[in-house]
Amino acid sequence: MRILFMGTPELAAVTLRAIDEKEGTEIVGVVTRPDKPKGRGMKMLASPVKEYAEAHGIPVYQPKTLRGGAFDEDLRALDPELIVVAAYGNILPHEVLVYPKYGCVNAHGSLLPKYRGASPIQRAILDGERETGITAMYMDDGLDTGDIIEKYPCPILETDDCGTLTERLAKLAGEAMCDVIDRIEAGTVTRTPQPEEGASYAAKIEKEDTVLDFGESARDLVNRIRALHPSPCAATTLPDGSPLKITAARAVDDDSDAEPGTILAADGKGTGGITVRCGEGALFVTGLIPAGKKNMTAGDFVRGRRVSPGDRWGI
RNA sequence: CGCGGGGUAGAGCAGUCUGGUAGCUCGUCGGGCUCAUAACCCGGAGGUCAUGUGGUUCAAAUCCCUUCCCCGCAA
């Protein structure tokens, strides 16, 4: 089957690999977002999907937009029978959606209709959900509103953060898309309209979403830290005003009457831990990234004498 | 040339402004104490202070310059 793949981040690259390695499929091309200047010195950075495609000799297309017929000529030349989309990041116009014989299918990182939109995985963890998954669906003109082919559930573990969960969902997305391709070839694919009930929108993560407010409960703060790890990471500020990213922490009981944000204890033995008073309970921080430094344990941070009980964070 | 921080013992840091025999908290190794211990006490090993036959100097981790690498912010 001639397949055109559209996607951008790591999750999409993993899905692409699964389809590419599947028997009977031919990836005729890959559409991914244009390289953009990124990081120090504004160096150009290619998407994971582009890297995979180039390493495997698959033609890469990076149109700024698919709208207005900008991609029509390439689309006709590639003549795909099916378009598979995974976290592409751009809107697909109607004429593209209806072009392939078998349509456009998408792997979305949530159990639709919940968490439609840009950041379903992060939002699910942020909300403390216990389960999420991949939804295989036909795309329509709306934002993740198309008919559902199949849902593939996946539990969210206590120990999961966005990185580990995304890894599992990526693998699942690959399996899901292979499954869908099998069904299409066998003619057994079905489509079920999404119920409106339970629909929600997972907005893109913005900078303000990364700020830790110690007035919240320790439990919510832990979810925020998990949801944003390993990137961009939840952060607070040190007494000197410099930013501090928190990479790992757990909630602990505490009934002291200290102000939220107060350091209750700083243990520098071994892995160590820094206990921070929250609106409810306390946050036991075990991993962090100071400005200009790499990820380190709380113990390392304490040993460097950069925190002591009584300090306030996040002011 | 987007703004900025940093590279000192296995780890995290101080020392750099005000040049003058390399220090702290840990880890590690050995010994002691203890019913016992990740606790405590004693002792030891471990660093060409990123790079350069670089510059200045009586003397450079420290001042000046080169190159490489790491990271935060902003996009």
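The sequence lines fix the lettering, A, B, ..., with proteins before strands; numbering per chain opens at 1.
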Residue pair A/Lys22, A/Asp182: steps toward the salt bridge (charged side-chain N to carboxylate O under 4.0 Å, His left out) verdict: CA-CA 10 Å; A/Lys22 179 176 167 55; A/Asp182 283 339; 2.6 Å; yes
Using the [atom1] atoms only, state how far [M] lies from [N], rounded to an integer number of Å.
N: B/A60; M: B/U51; atom1: P; result: 16 Å
N: B/G54; M: B/A59; atom1: P; result: 13 Å
N: B/U25; M: B/G6; atom1: P; result: 24 Å
N: B/C68; M: B/A61; atom1: P; result: 24 Å
N: B/U48; M: B/A9; atom1: P; result: 9 Å
N: B/G46; M: B/C1; atom1: P; result: 50 Å
N: B/C29; M: B/C73; atom1: C1'; result: 43 Å

Under 4.0 angstrom between A/Lys294 side-chain N/O and B/G6 OP1 or OP2: no
Donor-acceptor pairs under 3.5 Å, side chain of residues 134-142 of chain A to any protein atom, not counting sequence neighbours: which ones?
residue  : atom : partner  : partner atom : Å
A/Thr135 : OG1  : A/Ser110 : O            : 2.5
A/Thr135 : OG1  : A/Leu112 : N            : 3.0
A/Asp140 : OD1  : A/Gly142 : N            : 2.9
A/Asp140 : OD1  : A/Thr145 : OG1          : 2.7
A/Asp140 : OD2  : A/Thr145 : OG1          : 3.2
A/Asp141 : OD1  : A/His94  : ND1          : 3.0
A/Asp141 : OD2  : A/His94  : ND1          : 3.0

Nearest-nucleotide pick for A/Pro243, side chain only, options being B/G72, B/G12, B/G6: B/G72
Restricting both atoms to N or O, compile the protein contacts to nucleotides 23-26 of chain B shorter than 3.5 Å, with distance only.
residue : atom : partner  : partner atom : Å
B/C24   : O2'  : A/Arg305 : NH2          : 3.4
B/C26   : O2'  : A/Arg303 : NE           : 3.1

Pairwise N/O distances under 3.5 Å, protein to nucleotides 41-47 of chain B:
none

Strand partner of B/C40, provided both Watson-Crick or wobble distances fall under 3.5 Å: B/G32
Can I get a per-line list of side-chain donor-acceptor pairs under 3.5 Å for residues 276-286 of chain A, giving both atom names and the distance, sequence neighbours left out?
residue  : atom : partner  : partner atom : Å
A/Arg277 : NH1  : A/Asp254 : O            : 2.9
A/Arg277 : NH1  : A/Asp254 : OD2          : 2.4
A/Thr286 : OG1  : A/Ala248 : O            : 3.3

Check ion pair A/Asp300-A/Arg303 (N to O, under 4.0 angstrom): yes
Salt bridge (Lys or Arg N to Asp or Glu O under 4.0 Å) against A/Asp220, all qualifying residues, sequence neighbours excluded: none
Pairing residues for A/Asp35 by the salt bridge (Lys or Arg N to Asp or Glu O under 4.0 Å) criterion, not counting sequence neighbours: A/Lys50
